[in-house]
Amino acid sequence: MALLSTVPSEAFAASVNDTLEDERRYVAMLYRHVDKLRDVATQRLARTKLDNASNPSARAERDASATMYRERIRQLEGIDERLCFGRLDMDDGERRYVGRIGLVDEDDQSSLLMDWRAPAARPYYLANAITREGVRRRRQLRMKGRTVTGLDDEILDVESAPPDSTTSLTNEAALMAALTAHRTGRMQDIVATIQAEQDEIIRADINGVLVVQGGPGTGKTAVALHRVAYLLYAHRERLEKRGALILGPNATFLRYISQVLPSLGETGALLCMVGDLYPGVVATGSEPDEVAEIKGRISMVQVMANAVYDRQETPPVKEVLFEGDRLRLTHKLTANAKRLARDTLRPHNEARPYFVREIIEALTNQVASLIGRHLLVDEDIKQIRFDLSRSPEVHRALHELWPILTPEQLLADLYASPERIEAATPDLAPAERELLRRDPSAPWTPGDVPLLDEAAELLGWDDRAERAREAAQWRADLEYAQGVLQILNYEEDEIDEEVLQATALIDASTLADRHDDDGYLSVSERAATDRTWAFGHIVVDEAQELSPMVWRLLMRRSPSRSMTVVGDVAQTSDPSGTTTWGDVFAPYVADRWRLTELTVNYRTPAEVMAVAADVLAAISPELKPPRSARTSGITPWHGQVESYARAVPEAVRAEYAAVGGGQVAVITPTELVHPLGDAIRDATTAEVVVGDGVSLGAGVVVLDVRQAKGLEFDSVLVVDPTGIVSESRRGLSDLYVALTRTTKRLGVLHRGDLPAVLRQLGERDTTDLTVEAAHDRADEGAR
């Protein structure tokens, strides 16, 4: 791999009469421009909120304007640092400054700053000494806050390049600086260092399913996030109303990536986990892998349908007491009503009114026969029908025969009843049925979310009562607003003049509407509360971990099938996950999906990847590791110890000192996470955080493999590799993940023999790691 050479900045700048101070002045001007734009947007938002829109159309326009200004403010705040990161000097003398957003001179409409996603900015990422794209020089601006602190220049001169050279890395100086910088607990964008193979994926066509397969450290997540930012820019009209969904594996990961899109000037994407995909349900519970695997099977589609059918009962005889008479609903009668309701092909709750109508009609005929139909006129029949529809006894009977159900109620009732489980799962073995049993008070798990979503599709919702409640609430709000206006008018001389001006043209209806804040919600905020929202584009990270049922849910959210799917089948650890992309997409798009691969590992040094490659070969000989972009000169090591609780804190102290302000991660079997976390806290002055959902800004982080997915650290200590392998069905994949989280240093601590797949690790004398710790309690917990 030939790398571009970096010309010393000062010498080159002097040769062309460019100075660091020139760039500082220019960038300072750009920030003044941004500050002005933000002030203008803030003022316009304030005026919009006081706008007295008098009709629905005007109110909708007001709300859209308010949302636009608020999003603009958030966008400008998000790119406050490193607004401009580079410059292109073209052969024709043109200078193109490249940054996170585009800025235009208001007077002559000339470009002050080119958005990195614009076609004219693409040479910044593609130009090299062989294919210059019309670029004479590429300049990287080094920034601290809003100040330019240095320059790195690359001369792209084909005559100076060796005839047989090939260049695969661009912006070498900036790239290597980013790769070797300390990790901070937040993912940094790669907008200044995007490489050619990454750029191709970022700018790929929006239509269809694009699968990005890449080994650890190849930048899959960063590429996916930059692709979202690019699509929101290039297809603004298409995506601004539907937004984008980014699905991540856990809360820690979402916090880790949360600043990337705002730093790129985009706020129109919803970041969430599988457990967040059913609004109104907090799915934070945990369950054994065996249970999650059953819930993830595609056969659960039929199980949920069976569960719904099981609630549509047809008993041999159902007696209903009405005004002293016992009315009889025979099996034939209820079966006929059920058939008519099902024939509507409507979901359960929406078909219920048809069932109810047939039952009420049958009961009406019985009452009329008991009285004597010949004695009754049409008005009498209508009254009987009305009385039956209001009868509590009839209501109870109807609820037993065809209840109104929520997805939560359906699933909770299913889990709580062995009889209902057996009726819904005829193909499951008795032991698997028992695994589905759950206490009704137990929290929902991520594995429940696609089942709840499936149930929602099967149940539907008869929303007539809900619409009536909304109408009643609106009338109440209107009455309240009328009262407010009366008070304002009555005490006019006591009210601040500005308030009077703001309310002078408001009628009660407008004021009532202002109680509803939905008009001021962003696209992502609205999408987060709407289960049926159809996204303009969906990005799935760690996609190999998703179960078939989760994919079914996601396809409902993406009727256009516009998706970017990133993952690595070699890192699959979830028992419901996949090792073949074709198996995932065949039911939805057949073979109409595209596969692209990232082949360069930017995170993990070559020394570490040599160790991980042996693990990968043990997973599958056909899998090839990505090639590392750099070496570290640091040999990965292993050490055999007697006690993890004593040795790990000592190793953490040594590694923390070695990375000098960077981050150290301890990756361990799940059962050791908290005991080791306690032991490390007792033995070090560094900030230590433990487990999923934590802030990753601390110096030391203790995680299991699943919690560490997608993350990276300066130094990684893998504790008990044998335990990691044995605690899951795909233990070698978990070990592969653990080994490849580091950007610099890797150590492995083990009590027994070292697994054979780690034979390339150098051996370290661990005598100094077995000094007795001060707290035997922590030792006992970790043992």
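- Between the side chain of R759 and the main chain of A756, a donor-acceptor pair closer than 3.5 Å is present.
- Put simply, CE on M609 and OG on S628 are 5.5 Å apart, with the number rounded to the nearest 0.5 Å.
- Between the side chains of Y125 and E133, no donor-acceptor pair of N or O atoms lies under 3.5 Å.
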Checklist entry - Step by step, would you call D115 with R117 a salt bridge (charged side-chain N to carboxylate O under 4.0 Å, His left out)? => result CA-CA 5 Å; D115 194 299; R117 297 163 289 189; 2.8 Å; yes
Next on the checklist: If you apply the rule side-chain hydrogen bond (donor to acceptor under 3.5 Å, both in side chains), what do you find for D583 with T578, and how did you get there?
Outcome noted: CA-CA 8 Å; D583 292 345; T578 186; 4.9 Å; no
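- Atoms CG and CG, on L247 and D276 in that order, are 8.5 Å from each other to the nearest 0.5 Å.
- Heavy atoms only, all atoms of each residue included: V757 and A618 are closest at CG1-CB, 3.8 Å.
- In this structure a side-chain-to-backbone donor-acceptor pair under 3.5 Å is present from T742 to K744.
- Using a 4.5 Å heavy-atom threshold, the side chains of I619 and Y736 count as touching.
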Checklist entry - Please walk me through it: do E154 and R139 pass salt bridge (charged side-chain N to carboxylate O under 4.0 Å, His left out)? => result CA-CA 6 Å; E154 294 173 90; R139 168 167 289 179; over 6 Å; no
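- Of the possible donor and acceptor atoms, none in the side chain of R132 sits under 3.5 Å from a partner among the backbone N and O of A127.
- Inter-residue side-chain proximity for D568 and P216 is flagged as met; some heavy-atom pair is nearer than 4.5 Å.
- Between V449 and V274, the shortest heavy-atom contact is CG1-O, 3.3 Å.
- In this structure, the ring of W551 has its center less than 6.0 angstrom from the ring center of F585.
- Taking the side chain as every heavy atom from C-beta outward, V688 and V690 approach each other to under 4.5 Å.
- Side-chain contact between L126 and T131 is absent, with no heavy-atom pair separated by less than 4.5 Å.
- Between the side chain of H537 and the main chain of S562, a donor-acceptor pair closer than 3.5 Å is present.
- Under the 3.5 Å distance criterion, with hydrogens and angles disregarded, a donor-acceptor pair is assigned to the side chains of Q544 and E542.
- With contacts defined as side-chain heavy-atom distances shorter than 4.5 Å, the pair R552/I298 qualifies.
- By the 4.0 Å N-to-carboxylate-O rule, D199 lies close enough to R122 to be salt-bridged with it.
- Q707 places a side-chain N or O within donor-acceptor distance of the main-chain N or O of D704, the cut-off being under 3.5 Å.
- Checking T722 against H750 by side-chain atom types alone, no donor-acceptor pair falls below 3.5 Å.
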Next on the checklist: Run V701 and V666 through side-chain contact (heavy atoms from CB on, under 4.5 Å) and show every step you take.
Outcome noted: CA-CA 6 Å; V701 181; V666 177; over 6 Å; no
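- A donor-acceptor pair is defined here as one N or O able to donate and one able to accept, closer than 3.5 Å; such a pair exists between the side chain of E545 and the backbone of D574.
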Item to check | Chi angles and distances behind the side-chain contact (heavy atoms from CB on, under 4.5 Å) call for L749, H638 | outcome: CA-CA 6 Å; L749 295 175; H638 78 93; over 6 Å; no
Item to check | side-chain contact (heavy atoms from CB on, under 4.5 Å) between L739 and L746, intermediate numbers included | outcome: CA-CA 7 Å; L739 296 171; L746 173 67; 3.9 Å; yes
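- Considering CG of L735 and CD of Q571, their distance stands at 11.5 Å, rounded to 0.5 Å.
- A side-chain donor from one of D541 and T221 sits under 3.5 Å from a side-chain acceptor of the other.
- Listed here is the closest heavy atom pair of R751 and Y644: N-OH, 3.0 Å.
- With values rounded to the nearest 0.5 angstrom, E687 atom CD is found 8.5 Å from Y656 atom OH.
- Taking a cutoff of 4.0 Å between a charged side-chain nitrogen and a carboxylate oxygen, K295 and E287 qualify as a salt bridge.
- Side-chain contact, E197 with T599: a donor N or O sits under 3.5 Å from an acceptor N or O.
- N601 and T218 form no side-chain donor-acceptor contact under 3.5 Å, judged by distance and modelled atom types alone.
- Note that CZ of R741 is 15.5 Å distant from CG of L717, once rounded to the nearest 0.5 Å.
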Next on the checklist: What verdict does the salt bridge (charged side-chain N to carboxylate O under 4.0 Å, His left out) test give for R729 and D289, after you've listed the backbone C-alpha separation in whole Å, the side-chain angles of each residue and the deciding distance to 0.1 Å?
Outcome noted: CA-CA 9 Å; R729 298 183 190 179; D289 284 350; over 6 Å; no
Item to check | Steps toward side-chain hydrogen bond (donor to acceptor under 3.5 Å, both in side chains) verdict (T564, R227) | outcome: CA-CA 8 Å; T564 300; R227 174 162 168 74; 2.7 Å; yes
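- Of all the heavy atoms in P450 and M549, the pair that sits closest is CB-O, 3.5 Å.
- For the 3.5 Å distance criterion, the side chains of E655 and S715 qualify, holding a donor opposite an acceptor.
- The number of heavy-atom neighbours closer than 6.0 Å to CG of D753, taken from other residues, nucleotides and ligands shown, is 12 or below.
- R561 places a side-chain heavy atom less than 4.5 Å from the side chain of M555.
- Ring planes of H235 and Y230: perpendicular class, angle over 60° (limits at 30 and 60°).
- With 3.5 Å as the limit, one finds no donor-acceptor pair spanning the side chains of E763 and W637.
- Between the side chain of T631 and the main chain of G633, no donor-acceptor pair closer than 3.5 Å is present.
- Side-chain atoms of R557 come within 3.5 Å of backbone atoms of L277 as a donor-acceptor pair (strictly under, hydrogens ignored).
- For the residue pair G752 and Q640, the shortest heavy atom distance occurs at O-NE2, 3.4 Å.
- Between L271 and I257 the shortest side-chain heavy-atom distance falls below 4.5 Å.
- R603 and T740 share no side-chain donor-acceptor pair at under 3.5 Å.
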Checklist entry - Would Q213 and V569 satisfy side-chain contact (heavy atoms from CB on, under 4.5 Å), going step by step from the backbone distance to the final call? => result CA-CA 8 Å; Q213 164 74 30; V569 292; 4.0 Å; yes
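- Of the possible donor and acceptor atoms, none in the side chain of D152 sits under 3.5 Å from a partner among the backbone N and O of Q140.
- Side chains of V716 and I667 form a contact here, defined as non-hydrogen atoms less than 4.5 Å apart.
- One side chain, Q760 or D614, offers a donor N or O that lies under 3.5 Å from an acceptor on the other.
- For the pair V702 and G677, the tightest heavy-atom approach, listed with the atom from each and the gap, is CG2-CA, 4.1 Å.
- Atom CE of residue M143 and atom CZ of residue F85 lie 11.5 Å apart, to the nearest 0.5 angstrom.
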